[in-house]
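Every chain is numbered from 1 and lettered A, B, ... according to where its sequence line falls, protein lines coming before strand lines. As the structure is a prediction and not an experimental result, all values here were calculated from the model.
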2 protein chains.
Amino acid sequence: MRDDDIATIMRALGHPVRLNILRILATQQRGECCCADVTESLPLAQSTVSQHIKVLLDAGLIKRLPRGTRNCYIVQHDRLAALGSAYSSMVTGLNPDGRNVETELV
Amino acid sequence: MRDDDIATIMRALGHPVRLNILRILATQQRGECCCADVTESLPLAQSTVSQHIKVLLDAGLIKRLPRGTRNCYIVQHDRLAALGSAYSSMVTGLNPDGRNVETELV
DNA sequence: TTCTATGATCGGTGATTTACGATAGAAGAT
DNA sequence: ATCTTCTATCGTAAATCACCGATCATAGAA
C-alpha cells in the first residue's frame, strides 16, 4: 500500500462524523440498508451526510448496494484491516530498535 | 481514546508529506537532530515543513527537543502505538461477527 | 402516466489547509 | 557587539473542506 493510499484512507477516517457513520453502518444488523438511517442518526443535513459517505466510498471503506429506490452501504472490513496492516508495518518500520512496540501482525 | 482524538491523529497522518516526515525523523540514527535535515530531504520550503511539523506536534506524534540554536524532533512511538491500539479495537467493534479480521491486540 | 420518496449532485458560503516568501528572535560564533 | 544560522511565525493566495438548501434522476406505488 502506497503512502498516498494510506494518507487518503487516514484522511477519510480523520473526521469524527465519518467514524460515526462507519459505526452506524456496522450496527445495522444483517448489513441491510442504511443511508436515510444514517442521516436520521446524525444532526446533519442529508446532503452533508451524502458527501461524507462519498468520501468513505472513494477511500474504499464502504461499498454501495443499490436496493430499489434506495442505496444501502456496507462497511468494507477487509479494507479497514488492510489499513491496520499497512499502518502496523509502517510503525514497525519507524521503530529504530525494530521492536514491536505493541501490535503484532502481517 | 475518544473519537475526536482518533480523528485528529488520523488527520495528522492523512498527508503523504507528514508520513514522510515521520520516516525521515525516525531514520536519523540516535534520534539526534532533525528539522533543517527534514527540509533538505523534501522539495518544500522551510516554512511549509515547519507547518507540517506543527501538525504532527499538535497531534502528539512527535516531540520537540531544543538543541541550542536548533530544534530536534523525535517520533513518539508510544503515541503511534496507542493509535494502532485504538484503531484495532474500533475495527473489532465494527465487525458484526466479532471475529478479529486480522490484527490482534490490547 | 403521475405522484412520492430516496439520495446524488449542484451552487454557495465560510473555515481550514497547503503552499510560499519575508520577517523576527534566539543561540552560537567571531 | 556584531554576524550568522536556524526555525517559528506572519501574511497571503489558492485550493479544499464542511456544511447547507435546492434540484434532478430514478424506482416504486397509485
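- Between A:N71 and C:dT6, a side-chain N or O to OP1/OP2 separation shorter than 4.0 Å is absent.
- At whole-Å resolution of the value, OH in B:Y73 and P in D:dT7 are 8 Å apart.
- With rounding to the nearest 0.5 angstrom, the CG atom of A:L65 is 13.5 Å from the CZ atom of A:R70.
- Rounded to an integer number of Å, the gap from B:L56 CG to C:dT17 P is 13 Å.
- Within residues 14-21 of chain A, no residue has any heavy atom under 4.0 Å from DNA chain C.
- Contacts between residues 41-54 of chain B and DNA chain C, counted as heavy-atom distances below 4.0 Å, involve B:L44, B:A45, B:S47, B:T48, B:Q51, B:H52.
- To the nearest angstrom, C1' of C:dG7 lies 14 Å from CG of A:L25.
- There is a path of hydrophobic side-chain contacts, each under 4.5 Å, that joins B:I6 to A:L61.
- Hydrophobic clustering (side-chain heavy atoms under 4.5 Å, transitive across Ile, Leu, Val, Met, Phe, Trp, Tyr) groups B:L19 together with B:V75.
- Under the 4.5 Å side-chain heavy-atom criterion for grouping Ile, Leu, Val, Met, Phe, Trp and Tyr, A:V55 is not connected to A:V38 through any hydrophobic cluster.
- Between the CD1 atom of B:I62 and the P atom of D:dT7 there is a distance of 12 Å, rounded to whole Å.
- Minimum interatomic distance between B:C35 and B:N71 (heavy atoms only, all atoms of both residues): SG-O, 2.9 Å.
- Closest of all the heavy-atom pairs between A:L80 and B:Y87 is O-OH, 2.6 Å.
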Atom pairs, N/O to N/O, protein against nucleotides 28-30 of chain D, distance under 3.5 Å?
none

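- With sequence neighbours left out, A:R18 forms a side-chain hydrogen bond (donor to acceptor under 3.5 Å, both in side chains) with A:H52.
- Scored by the side-chain contact (heavy atoms from CB on, under 4.5 Å) test, A:S50 finds A:Q46 as partners (sequence neighbours excluded).
- The two residues A:I24 and A:S41 have their closest heavy-atom pair at CD1-CB, 3.7 Å.
- Remark: B:D58 pairs with B:K54 by the salt bridge (charged side-chain N to carboxylate O under 4.0 Å, His left out) rule, at least two apart or across chains.
- Rounding to whole angstrom units, CG of residue B:D58 and P of C:dT16 are separated by 14 Å.
- The CG atom of A:L65 sits 20 Å away from the P atom of D:dT26 (whole-angstrom rounding).
- The hydrophobic cluster containing B:M90 also contains A:Y73, counting ILVMFWY residues as joined when their side-chain heavy atoms lie under 4.5 angstrom apart, directly or transitively.
- Per the geometry, CZ belonging to A:R70 stands 11 Å off C1' belonging to D:dA27, to the nearest Å.
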